[in-house]
Student: 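This is the structure I want to talk about, given as structure tokens.
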2 protein chains.
Amino acid sequence: MNHESSLVNQLTDRLIAGELRPGARLSEAALAKEFDVSRNTLREAFRVLGEQGLVNHIPHRGVSVASPNTSDVIDIYRVRRHIECSVLENAPKNHPGAEEMRRAVEGAHAAAAADDWLRVGTLNMSFHNAVVSLSDSSRLMRSFGNVLAELRLAFLKVEVLDFLHAPFVERNQEVLDAYLNESPRGAAAKLGAYLGDSERQVLGAYARAGQA
Amino acid sequence: MNHESSLVNQLTDRLIAGELRPGARLSEAALAKEFDVSRNTLREAFRVLGEQGLVNHIPHRGVSVASPNTSDVIDIYRVRRHIECSVLENAPKNHPGAEEMRRAVEGAHAAAAADDWLRVGTLNMSFHNAVVSLSDSSRLMRSFGNVLAELRLAFLKVEVLDFLHAPFVERNQEVLDAYLNESPRGAAAKLGAYLGDSERQVLGAYARAGQA
DNA sequence: TAGCATGGATTGTTCAACAAGAATAGATCT
DNA sequence: AGATCTATTCTTGTTGAACAATCCATGCTA
């Protein structure tokens, strides 16, 4: 494995784990020391993360963990609606991605029963990644992955607690059922409604947290 | 303006101008000398372009100009269909982006009459960027811009001549008219057909050029 | 208090060096 | 000749130190 690529992965892991909080400044000197790499190598990784939207880079002011505000959240959900719904609506029957969706829903049910809400959250992301995989487009999946990662930062920022995802397990189930047994259009409509509710919940958390 | 950001722009310009041909290897030493920057600074720019899909980076083998093959082209058009059609179908009436679309079509007509095919190509890109701007989503526009830039490399690779865009000026006009006067669904359908024909033309050029 | 110098810290960029992997050419063997 | 191994060479990966450019906080001045 490439050193730099592994560095990007390490940084990404800590970002989505919340160890590097949204808005936190990432000092080149400090992080270089912590990860035991040179400043130049670290800066290359920063450029990658910057393009992915996980960090902001302001010239001469350094990089900081992306800290999505409400308009960012709205924008992210706009992207989700366009991509996820369009993919689902145009998805073929019997796509292998459907099996991934099924596994994610099933696992989420089990995890919810076991009160393992962290796992529920992870499987929720798997479900939506599986939806986009129905497009058979690697580029769409990459862009979508970046957006989901950014949304994860939004959750962290306002501390959307994992167990709040509980109601959405059943919603995913309904989307899957509609895709399998009804029409793609119906499934896409259910998914759109899901995304609307999810967005409202996140924006509500922002309002409670008094964040822009 | 930031030095590095300007370097990315310079490199992008030369890429889409075709001065750096698809598949060409980009030697760090040579390019650093040419742009009068250090290898380290150049490498930072490479990481940005890599995330944008304009260059490929293989560890220990350096970076080369992206050279989309037929499956890349197919993937790119998949993305275009999902994004452009979904945006257009869900676009509100009276969005300011419609005025941009109109200007692009009008200008393309004039440029075509003047045999200025390079300008026709540029305005064609403006038109489709304007379509995506109907989404009011900066992230969607950014991702879409990257994909269009990559498609530009595909054109360059098989030398899709600019005047081949001629029939598409009228198609854009029809899409615009449908959006303005008919239904978003109808406009999206027309755009989808447009994209199908455009994709076929590019793939045809690939077949003639004997490229994968 | 508002505005302005000043010093300290951080980022931007370069350079030279070396390690590590890949590619090339040459030598060897069958 | 053709294939395979090997040594050399080239390129990339990474580092550390250095300096310039810019920002930021502090305290001074009016």
Side-chain angles (χ1 to χ4, degrees), chain A residues 1-15 19-69 142 150 153 212, chain B residues 1-15 19-69 142 150 153 212:
Chain A
M1 177 59 80
N2 191 11
H3 202 171
E4 182 234 311
S5 146
S6 138
L7 178 57
V8 169
N9 289 338
Q10 286 179 65
L11 284 165
T12 304
D13 288 346
R14 299 183 69 155
L15 285 170
E19 291 173 45
L20 302 170
R21 306 282 310 207
R25 233 176 116 245
L26 300 179
S27 153
E28 292 185 356
L31 267 191
K33 193 173 193 177
E34 184 168 343
F35 285 89
D36 196 34
V37 295
S38 72
R39 273 182 63 214
N40 285 318
T41 300
L42 180 63
R43 282 169 61 90
E44 289 186 25
F46 277 173
R47 296 302 167 270
V48 172
L49 296 173
E51 278 305 298
Q52 293 177 346
L54 285 175
V55 303
N56 288 329
H57 175 213
I58 304 179
H60 291 286
R61 291 208 207 168
V63 314
S64 46
V65 182
S67 181
N69 57 24
R142 213 169 11 126
E150 209 179 338
L153 294 185
Chain B
M1 176 62 78
N2 190 11
H3 202 172
E4 182 235 309
S5 147
S6 138
L7 178 57
V8 169
N9 290 339
Q10 286 180 63
L11 284 165
T12 304
D13 288 346
R14 297 184 71 155
L15 286 169
E19 291 173 44
L20 302 170
R21 306 282 313 217
R25 240 185 102 230
L26 300 180
S27 153
E28 292 186 357
L31 267 191
K33 194 173 191 178
E34 185 167 344
F35 284 89
D36 196 34
V37 295
S38 72
R39 273 182 63 212
N40 288 356
T41 300
L42 180 63
R43 283 169 61 89
E44 289 187 24
F46 277 173
R47 295 304 166 270
V48 172
L49 296 172
E51 277 307 295
Q52 293 177 347
L54 284 176
V55 303
N56 288 328
H57 175 212
I58 304 178
H60 290 286
R61 293 207 207 169
V63 314
S64 45
V65 182
S67 182
N69 57 25
R142 206 160 24 113
E150 209 179 337
L153 293 185

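All chains are named by letter (A, B, ...) in the order of the sequence lines, taking the proteins before the strands, and each is independently numbered beginning at 1. All values derive from a computational prediction rather than experimental measurement.
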Student: Please list, chain by chain and in numerical order, all residues satisfying side-chain hydrogen bond (donor to acceptor under 3.5 Å, both in side chains) with A:Ser27, sequence neighbours excluded.
Tutor: none

Student: Measure the distance from CG on B:Asn40 to C1' on D:dT15 and round it to the nearest whole Å.
Tutor: 9 Å

Student: Indicate whether OP1 or OP2 belonging to C:dG12 is found under 4.0 Å from a side-chain N or O atom of B:Thr41.
Tutor: no

Student: Could you tell me the separation between the CZ atom of A:Arg39 and the C1' atom of D:dG13, rounded to a whole number of Å?
Tutor: 18 Å

Student: Where the side chain of B:Arg47 is concerned, which of D:dG13, D:dT15, C:dT14 is the nearest nucleotide?
Tutor: D:dG13

Student: Would you compute the distance between atom CD of A:Gln10 and atom CG of A:Leu15 and round it to the nearest 0.5 angstrom?
Tutor: 12.0 Å

Student: Could you tell me the separation between the CG atom of B:Leu26 and the C1' atom of D:dC10, rounded to a whole number of Å?
Tutor: 17 Å

Student: Applying salt bridge (charged side-chain N to carboxylate O under 4.0 Å, His left out), name anything that partners A:Glu28, two or more places apart in sequence or on another chain.
Tutor: A:Arg39, A:Arg43

Student: B:Leu42 has an atom CG; how far is it from atom C1' of C:dG12, in whole Å?
Tutor: 15 Å

Student: Any side-chain N or O of B:His57 under 4.0 Å from OP1/OP2 of D:dG13?
Tutor: yes

Student: Does A:Arg43 put a side-chain nitrogen or oxygen below 4.0 Å from OP1 or OP2 of C:dG12?
Tutor: yes

Student: Tell me the interatomic distance from B:Asn56, atom CG, to D:dT12, atom P, rounded to whole angstroms.
Tutor: 15 Å

Student: Tell me: NZ of A:Lys33 to P of D:dT15, nearest whole Å?
Tutor: 15 Å

Student: Provide the closest heavy-atom pair for A:Gly53 versus A:Ala66 in the form atom of the first, atom of the second, distance.
Tutor: O-CB, 3.4 Å

Student: Name the one of B:Asn9, B:Leu7, B:Asp13 that satisfies side-chain contact (heavy atoms from CB on, under 4.5 Å) with B:Leu11?
Tutor: B:Leu7

Student: Among the nucleotides C:dT14, C:dT10, D:dT15, which one has an atom lying closest to any side-chain atom of A:Arg25?
Tutor: C:dT10

Student: Using modelled atom types and a 3.5 Å cut-off, is there a donor and acceptor pairing between side-chain atoms of A:Arg25 and backbone atoms of A:Arg61?
Tutor: yes

Student: Whole angstroms only, please: what is the CD-P distance between B:Glu28 and C:dA16?
Tutor: 16 Å

Student: Measure all distances between protein nitrogen or oxygen atoms and nitrogen or oxygen atoms of nucleotides 21-24 of chain C, and list the pairs falling under 3.5 Å.
Tutor:
unit_1	atom_1	unit_2	atom_2	d
C:dA23	OP1	B:Arg61	NE	3.4

Student: With a 4.5 Å heavy-atom cut-off, do A:Leu31 and A:Phe46 have their side chains touching?
Tutor: yes

